[in-house]
Structure formats: C-alpha cells, structure tokens
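Throughout, protein chains are lettered first and strands after them, A, B, ... in sequence-line order, and every chain is numbered starting at 1.
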Amino acid sequence: MAPNVYTDDDQGYAQVIGDGTVGDDEAEAARAGAANCPESAIIVAD
Amino acid sequence: MPLTTDSLPQVSTETLPMPEARDEAWHTLDQHPLVEVEDGYAATSRDFVELVLKNPSVFSSKKAFDVLASPVPLVPIAFDPPQQARYRRILQPFFSPRVIKPLEAGLRKQVVELIEPIVQRGHCEFVSEVASVFPTQVFLTLFGLPLDMRDQFIEWKNAVLNLSAAAGQTTIDEAAQEGMLKAAELFMYLTELIQKRRGVPGDDVLSQVLNVEPPDALSDEEVIGLCFLFILAGLDTVMDSLGFGMQRLAENPDRRKEIVEDPALIPAAMEELLRLDPPAPFIPRVTTQETQMGAHTLPEGSRITSYLAVANRDETMFPNPYALDFHRSENRHITFGMGVHRCLGSHLARLEMQVLYEEWHQRIPHYRITEGTTPHVHWPRGTVGLDSLHLTIGQSS
C-alpha cells in the first residue's frame, strides 16, 4: 500500500520515506495507509 | 455508581453455536465490551482489546502462558518486555516483508502442484488436501528440511496441538499419552537437528537463527522453544484461515465472482476474510495489578482474554460489520493481534494465503460445498477451524 510513501526497515517495521512530506498526487495513498495501519501509528498532518 | 462484578453479563462460551453458525456465536458477545466467561473476563470491544494488548506491563502474556507448563520456553509469546523485546528484535529480521517476498515463486510452484490434481479430479477435501499440507510444506522449506517429512510433521504437529488443547484437564487419557509420546519424538528430532546445524552456515531460517552472534545468540533450549512455537502458531493458523476463507467464498458466489473477474482485488478480499475469521481468536493475558476497565475494577491476577473475532465486528470501526465486503476503504482488523506480540509471521501468512487464493481462482473459478456435507468448526477449543471442507468443482447443474 502506497509504496512511494511508506517502506519497511530491516526489522519489518513500516517507515516513512524521506521526511514524510508528500505531494498532492500521493496524498490519497498516504491517507489510505494511515487509515489501514493496524496499530493506528500513522498521523497525517495537513 | 461503581459497578460490581455481579453487574457484568455472563456468557457460557461452551454452548455458543460455533460449529455451524459462528457469526451468530460472535454476535452473542458483541453487545457488551466486557463479559464474564468461564475462565475469567472477555474483552470484546475494539477499545478494550486495544487497551489490553497495548499495555503489556499490566496485562501479562507470560503469566497467561505459565499455566500451560510447557516443557520448553515458548519464545517469544510466553515472555513480557524487556525479554520479549530482545527475542523479537533477534527474530523479526527473518520474517520481514523484504525477506519473505523472495519466497513467492517457490510457494506458487508448490501451490500449483497441490491444485492441479484437484482440477483433474473435480472435487476435494480442501482442509486435508490443501490447507493443512501447504503451510507445513512452507515450514519445511523455510527450515531447510526435506518435503518428504511433510506427513511426519503433520502427525507431530497434530499430537502437540491436541496436547496443548487438553492442557488443564486433570485426567490423562490414552490420546494424551500418545500425544506426549509424539511431542517427545518431535523434541528429540529438533534437538538432534539443532546440534547438526549449529556452527554450520546455511540459508534456511533455522541455520541463521542458530548462527546469530553473541550477545544475541540463543541457547538450544530457546531455539527448541522457538521451533515449537513456529509449529504451534504457524501451521494450523494458516490452515484454518484458508478453510474459513474458502468456505465463505464457496457460500458467496457473487463475492467470489468479484475476485475471479478482478484478481487485483484478492489482497483486499483476503483481509476481509481474515477480519471475519481470525483462526486464533482468543488472546489470553493475566493482570499484574488491580486495574480499571471502564467502570469495572479487575483484581490483580485476573485472566482477561481478548476476543479478536468480536472486536473485528465492532461497528464503530466496521460499518455493517457482519457483511462480507471486499471494498472497505478501511480494514484495520486485528486478526494478527496488536501491540508488542503482534504476529511475527503475518507477512509469511499473507503471502501463503494470497498465492493460494490467486492460483486457485485462476484454475477453479466455480466450486461449491459438496452436497450432503456440512463444514463444522471444532468447538470448544482455543483455536478455531473447520474439521473438513468438501468442495465440488464446476458450475452447479
């Protein structure tokens, strides 16, 4: 889900790519990732 | 006004209609966030389950598994942080998505070999012919063991699982004795295997775990415990999920048509099937101190079990929670648990299931439950799954 926004580290934990700033074209994908995070660990700031 | 223990609803789980009407069974539990059951409390709302699973210092997994009196340390489930965090850090890299993904081609080949004869024959008993053997083969592949040990492992696994299901019973019957004998055989086999593999480089997960450098190196006892846990947690869970998933797809031809016509929908369909049918729906914890759950006070030492299948039907999070809907915009189900003990093998399990659903539906778009047969959930039991699922291939005449 949203491979241009999120990746995973050696431990398998999700990480945000870069500094976490995404353009309008990826905003929806970033929100979908946050909405489906099972741990509710992702916060999207506008 | 403070509520007392007496005010909690009591549910007898043993008499739930789980065998043939599991949705109804879970529905009886979804009216109250905290329920009294035979062995303690049941947390059923998403909020309460989250509270329990995300506070391991108050809700101990170690204390909950102590009663099993396992002869080997069940690494890492029977531990709390900080020991659990150490095990987790050592083990997690072997199960991360980037390590699991390359297994895909090999798993696909194995699945196709299992499905092809069924296409020819036109019918199957899905649980024993596919759902049980595939995860066992994956385990053998992962551990660098020959696939012809498959049936031996299935026998060992069933014996050990029956043994843990019988834990707590006071009388030891013949079956339990047989189970202990089989468990001892498995224990011996693993002990010898570990001695052979330690210090020898290898690509398989077992060799890699054995060759972890100090201070992270694990003892023989810890590795045996880990192998036992893999067998207990990694084989029947996938088997049961696949059985449940295929049952729902067989019973809902319209939903099935969606994934046959658009295989890209399979990952979302798989998540929805996982949401409705967690194969390990009861996650036990024991309180380490007196603690508050809403208006209710739980004494120290209380056993509280998170009911994942009920939390996954919490309508504050899942609108129309009993519907099978492959187009949910959010599906934060907790079938793999949550918090520090969240399933270590989730990426592997997902890959196994996705590959199976894809290859199956590409070859067998039409199937139904064989007339005159009824799939039953074995119940009561700590994990749930179908005893059998007889499928007939082809469009109904």
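Using a 4.5 Å heavy-atom cut-off against chain A, no residue of residues 264-278 of chain B qualifies as contacting. Within residues 92-105 of chain B, the residues having any heavy atom closer than 4.5 Å to a heavy atom of chain A are B:Q92, B:P93, B:S96, B:P97, B:R98, listed by residue number.
Side chains of B:T316 and B:D314: a donor on one and an acceptor on the other come within 3.5 Å. A donor-acceptor pair shorter than 3.5 Å can be found between the side chains of B:S60 and B:D80. In this structure, a donor-acceptor pair under 3.5 Å is present between the side chains of B:S61 and B:R285.
Heavy-atom pairs under 4.5 Å with chain A peak, among B:R328, B:E50, B:E330, at B:E330. Ranking A:C37, A:A41, A:A32 against chain B, the residue ahead of the rest is A:C37, based on heavy-atom pairs under 4.5 Å.
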For residues 22-29 of chain A, which side-chain N or O atoms pair as donor and acceptor with protein atoms under 3.5 Å away, sequence neighbours left out?
residue, atom, partner, partner atom, Å
A:E26, OE2, A:N4, ND2, 2.9

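Residue pairs meeting the ring pair (Phe, Tyr, Trp, His ring centres under 6.0 Å) criterion with at least one member in residues 310-353 of chain B, sequence neighbours excluded: B:H27-B:Y322.
When each of B:V238, B:L348, B:L235, B:V205 is paired with B:F139, the side-chain contact (heavy atoms from CB on, under 4.5 Å) condition holds for B:L235 and for no other.
Considering all non-hydrogen atoms of both residues, A:A34 and A:V44 come closest at CB-CG2, 3.6 Å. For the residue pair A:A30 and A:V5, the shortest heavy atom distance occurs at CB-CG1, 4.0 Å.
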message = side chain to side chain donor-acceptor pair (under 3.5 Å), that's the test. Do B:N312 and B:T335 meet it? Break it down for me.
response = CA-CA 8 Å; B:N312 279 347; B:T335 291; 2.9 Å; yes
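When atom types are taken as modelled, the side chain of B:N211 and the backbone of B:S207 share a donor-acceptor pair closer than 3.5 angstrom.
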